[in-house]
Amino acid sequence: MPSCEIKINKTGTQFKIQIIGTIDEDTNFSAYPLTGATQLEINLGGVKSINSTGIREWVNWIGAAGGAAIVYTNCPKIIIDQINMVRGFLPKGGKVLSFYVPYYSEELKSEKHVLFTFGQEYDQTGLKTVPSVKDDKGNPMEMDVIESKYFKFLK
Amino acid sequence: MKILSPKSDLIKNISKKILDNYVNVSIIDASDEIEVQNDKTIFISQNLESAQVVDLLIRKRCSHLLQMNESHFLEDLERTAALLENPKEYFSSQGQCLLKSARKSHMIEFSNPSDKERLKNECSDFVIKAKGALIAESLDAIVEELYMNAAFDAPRLRQNEKNHPYIDGCKAKIVLMLSDYHLLVSCYDPYGTLDMMKFVERMNEVYKKGAGNVLNMKKGAGAGIGCTVLFEHSTNFFLGVIPGQATVVTCLLRTGISAKHRAQLKKSLHLIRI
C-alpha cells in the first residue's frame with residue numbers, strides 16, 4: 001500500500017509537484033511521468049522518510065526529466081542528506097530554493113528546524129547570514145549539523 | 001585479556017581490572033602491523049572515519065574494530081569482550097545482551113509487508129521520550145533498512161529452497177531498548193542468509209565509489225546502499241549470522257546528545273560468528 005502521496009499541477013510545460021509521506025519500495029513514480037516538462041518545482045516539505053529503495057526510485061524518476069529546469073523547495077534534512085550523499089538525487093543544474101536546518105538546545109534538549117531560503121540565508125556562493133535561534137526559554141540554540149558536510153551541496 | 005600491542009598509548013590506559021578479565025580475548029592497536037592469528041581479537045583505534053573502519057576491517061581480516069570516543073569506551077570494550085567470550089548469547093538474546101543497562105525495551109514481530117506500518121508506528125511511539133536530537137529520524141531510517149533486509153532480502157536468498165520460515169509461521173523481530181545513554185535497535189530474521197563479508201565489501205564499494213555511482217537500479221532487488229545507511233546512523237554496528245538459521249543485525253546509538261555530536265563520534269564495527 002503506497003505510503004506516499006504525489007500531487008502534480010501542470011501549467012503547460014511547468015510542473016509543480018508536492019510529495020507527502022514516505023518514499024519507499026511502494027512508491028510508484030511511473031504513474032507520474034515527467035516527460036514534456038521544461039520546469040519542475042518539487043515541494044519536499046511533506047516527506048517524512050525515504051529508504052534506500054526509495055532513493056533508487058527517485059533517482060530513476062528525476063533522471064527522466066531530461067533538460068527540465070529543476071528546483072526543490074522546503075527540503076527536510078533527510079532529503080539534504082541524500083542530495084549530499086547520492087549523485088543524481090538532485091540532477092546536475094538543479095537547485096535547492098529552500099531547505100531546513102536543525103538547531104539543538106543543550107539546556108532543554110530540544111530541537112527546532114529552521115527554513116533557509118535562497119537569497120536570504122544562502123546564495124550561489126554559499127552561506128550568507130546564519131540566523132540566531134533561541135529555544136523556548138530564550139537560550140541560544142546551535143546548528144545541529146556538521147557544517148562542512150551538510151552545506152556541501154551549496155558549493 | 002592478552003595485550004598484543006604493549007607499547008600502544010591507546011591500550012596503556014585501560015584499567016587493569018578490565019584487562020584481568022576475559023582471558024580468552026586479545027586486544028591490539030589497529031595501527032600495529034603484527035599479524036594476528038587469533039580470531040578472538042579486538043582491534044582498537046580512535047580516529048578513523050566510517051570508510052576507513054570498513055576498509056581496515058577488510059584489510060586486516062578482523063571481526064571487531066572498536067574505536068575510542070571520549071566516554072563509554074570501557075563499556076564498549078567490555079561489551080565486545082563479552083561477545084567474543086560468548087557469541088551464542090548474541091543470537092539467543094537477539095542482540096539484547098548488548099545493552100544490559102536498558103531501563104525500557106519493546107519487541108515487535110513481523111513477517112510480511114502489511115506489518116510495516118504497525119512496525120514503524122510502534123517504533124515511533126517507543127522513542128518518543130528518548131533524549132537527544134534527531135533520534136526519531138535515525139530510528140526511522142534504521143528500521144526502514146532492517147525491515148527491508150528481513151522482509152525482502154533474506155527470503156529472496158532462499159527462494160529456491162523448500163523451507164520458508166515466514167510461510168511456516170516464524171516471524172522476524174525488531175527489538176528496541178533504551179538506557180540512559182543508548183538506544184539499541186536489533187533485527188532478527190530466521191533465514192540466516194546474510195553474507196557478512198559481502199555486506200562489508202558492499203559498504204566498502206559504496207564508500208569508495210559513492211552511493212550514486214553504485215546504486216543497483218534493477219527492480220525486484222535492493223538498491224545496495226542500505227548497508228551504509230545503517231552504519232551511518234549507528235555509533236556501534238553489529239552483524240551476526242548463523243548460516244541457514246538466524247541473522248541478527250544491531251545498531252547502537254548514543255542518545256542525550258546533539259545530532260552533530262553523535263555524528264562526530266567514531267564508529268565501531270563488529271562481525272559475530274559462532
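Throughout, a chain's letter reflects where its sequence line sits, starting with A, and its residues are numbered from 1.
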Of the listed residues (Val206(B), Asn216(B), Val214(B)), which shares the most heavy-atom pairs with chain A below a 4.5 Å separation?
-> Asn216(B)

Under 4.5 Å to a heavy atom of chain B? For Ser105(A) that would be neither

Are there more than 12 heavy atoms of other residues, nucleotides or ligands under 6.0 Å from atom NZ of Lys16(A)?
-> no

Which atom names give the shortest non-hydrogen contact between Arg56(A) and Ala221(B), and what distance separates them?
-> NH1-O, 2.8 Å

Using only heavy-atom distances, determine whether the side chains of Ser52(A) and Glu145(B) contain a donor-acceptor pair under 3.5 Å.
-> yes

Of all heavy-atom pairs between Tyr104(A) and Ser258(B), which one has the smallest distance, and what is that distance?
-> CD2-CB, 3.2 Å

Chain B-proximal positions within residues 64-83 of chain A [heavy-atom distance under 4.5 Å] = Lys77(A), Ile78(A), Asp81(A)

Which of residues 130-146 of chain A have a heavy atom under 4.5 Å from any heavy atom of chain B?
-> Met143(A), Asp144(A), Val145(A), Ile146(A)

Residue Ala259(B) versus chain A: region with a heavy atom under 4.5 Å | both

Here the gap from Leu215(B) atom CG to Phe89(A) atom CZ, rounded to the nearest 0.5 Å, amounts to 10.5 Å

Among the options Lys219(B), Glu232(B), Met217(B), pick out the one with the most heavy-atom pairs lying under 4.5 Å from chain A.
-> Met217(B)

Check whether Lys209(B) gets within reach of chain A through its side chain, its backbone, both or neither, counting any heavy atom under 4.5 Å.
-> neither

From NZ (Lys116(B)) to CG (Asn51(A)), nearest 0.5 Å | 5.0 Å

Close side-chain approach of Asp24(A) and Met148(B), heavy atoms under 4.5 Å = no

Could you have a look at Ala223(B), Ser114(B), Pro113(B) and say which one has the most heavy-atom pairs with chain A under 4.5 angstrom?
-> Ala223(B)

The reported gap from CD in Glu137(B) to NZ in Lys48(A) (rounded to nearest 0.5 angstrom) is 11.5 Å

Should Phe152(B) and Glu25(A) count as side-chain neighbours, where that means a heavy-atom distance under 4.5 Å?
-> yes

Distance-only side-chain donor-acceptor flag, Ser49(A) / Lys120(B), under 3.5 Å | yes

Measure distances from Leu134(B) to the heavy atoms of chain A and classify the residue's part below 4.5 Å as side chain, backbone, both or neither.
-> both

